[in-house]
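What follows is a single structure, written as structure tokens, with notes after it.
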Amino acid sequence: MDVIYRYDPYAPLVTRKILDSQAAIDTLIEGNDRLIHLVERMQERTFGAHAGEPIVIPLSPLTSGLPLFPGAVPTQAPFAAVLGCSDARVPTEAVFDQSFNDLFVLRIAGNVLASECLGSLHYALAHLKDSLKVIVVLGHTKCGAVTAAVDTHLSPDAYVNIASTFALRSLVDQIQVAVRGSSHALDKYFGDVRPKQDDMYRSLLVGVTAYVNAAVSALELKRELTRHGTIGPEVVFGVYDFESLRIQTSPALIPETPRLRPAPSNAEELAEYAAELVNALMSLTENDREAAYLLSKHSWDTPCPRTP
Ligand SMILES: [Zn+2]
């Protein structure tokens, strides 16, 4: 099977115009859908009826964002800023199917709002405000930083070993707001019968915290920008799900749930969101829940089984 990127330097130069936050959000979601569709077609052609047919992806100088001729230097003009995790499995441009000069990207383990990230965003808002239409906090499922924060919460004795340096503790501590909010939501759901040390409880807590942590960073970011009097692009958040490759704001595929969601405005909205997540997660069948959230269940290291 061939995947062909077909570059046409003479394609019409129609500049993409992204005029507001909603158009920017739509562009990001369309890009994520393109990635999902591409992978579906690759899998279909690996195992299905259309084996052998190439997949052709058209590229023009503008969609690739690359210079058309030697020495051409583009003006920096991203339409979205993205605060994402450093996890190597979640390359920001790739999961949104965007290219050079589309995204202003900040990556840090656990997508926490470190002061340097905030400073970078202040820079972007000051110097790129004509093009920048939305700010996205992007978490992901099965996040190592979130898992470490959950483990320090569930096993305080192990805290010093898990977060063994000042810098690591700083990072893990920033995620505790999300861990505690998620734990509280799960405890309210389970009542007195919660299986606190159980592996499933840990997996559920990691699963919920991935979403709540993205919402916490978005809330903090929105507050910080408001505090500094910045009237800028909308702040939204979402989570990249490894099983579906989909960026979403609920672990269950509930049709009306937005793929990217506005940042919560206050603690009450955050708590409502955590409760909503727990209900959504518990609405999945036990098998689906296990498949999606038991941390060690799946691996991409397995060789692809060949079709007969
Ligand atoms: Zn991560």
Side-chain angles (χ1 to χ4, degrees), residues 28 32 35 80-96 98 103-118 120-121 135-155 158-159 162-165 167-183 202-221 235-251 259-261 263 270 273-274 277 281 291-301:
L28 292 170
N32 180 231
L35 168 72
V82 182
L83 170 62
C85 182
S86 303
D87 193 301
R89 300 166 295 176
V90 194
T92 313
E93 280 86 354
V95 298
F96 284 116
Q98 301 300 318
L103 306 179
F104 186 88
V105 176
L106 309 157
R107 291 181 68 180
I108 182 168
N111 42 275
V112 296
L113 189 60
S115 59
E116 289 80 2
C117 295
L118 188 59
S120 302
L121 281 168
I135 302 174
V136 182
V137 177
L138 181 66
H140 67 96
T141 57
K142 297 177 169 58
C143 178
V146 165
T147 305
V150 164
D151 286 342
T152 61
H153 173 75
L154 293 177
S155 307
Y159 181 94
I162 294 169
S164 56
T165 66
L168 271 173
R169 279 197 293 282
S170 164
L171 207 149
V172 165
D173 287 352
Q174 286 208 56
I175 304 174
Q176 290 303 328
V177 177
V179 175
R180 293 174 71 103
S182 304
S183 172
R202 174 175 176 263
S203 298
L204 288 171
L205 186 53
V206 171
V208 174
T209 304
Y211 288 84
V212 174
N213 187 48
V216 168
S217 289
L219 184 154
E220 286 176 345
L221 181 53
V235 180
V236 299
F237 70 95
V239 168
Y240 176 73
D241 176 70
F242 280 121
E243 270 70 29
S244 63
L245 312 181
R246 197 170 182 268
I247 288 157
Q248 54 193 31
T249 52
S250 170
R259 301 279 293 279
L260 290 170
R261 183 167 174 145
L270 188 67
Y273 177 55
L277 288 167
L281 198 51
Y293 293 100
L294 277 184
L295 299 176
S296 57
K297 193 107 174 175
H298 291 291
S299 168
W300 285 354
D301 302 335

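We count ligands from 1, going down the list as the structure has it; atoms in each ligand are counted the same way. Count residues from 1 along the sequence.
The nearest pair of heavy atoms linking Y211 to F237 is O-CE1, 4.2 Å.
Around the Zn ion (ligand 1), the protein contributes the following N, O or S atoms under 2.8 Å, ordered by chain and number: C85 SG, H140 NE2, C143 SG.
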Discussion item. Go through it in stages, so that I can follow the logic: the residues are T141 and E243, the test is side-chain hydrogen bond (donor to acceptor under 3.5 Å, both in side chains), and I'd like the CA-CA distance, side-chain angles, deciding distance and then a yes or no.
Written reply: CA-CA 9 Å; T141 57; E243 270 70 29; 4.7 Å; no
Practice prompt. Report the C-alpha separation of D151 and R202 in whole Å, then their side-chain angles, then the decisive distance to 0.1 Å, and conclude whether the side chain to side chain contact (heavy atoms under 4.5 Å, CB included) test is met.
Written response: CA-CA 8 Å; D151 286 342; R202 174 175 176 263; 2.7 Å; yes
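Contact annotation: the side chain of L260 never approaches that of T249 to less than 4.5 Å [non-hydrogen atoms, C-beta and beyond]. By the 4.5 Å heavy-atom criterion applied to side chains, Y240 and D87 are not counted as neighbours. Under the 4.5 Å side-chain criterion, counting only non-hydrogen atoms from C-beta, L103 is in contact with L28.
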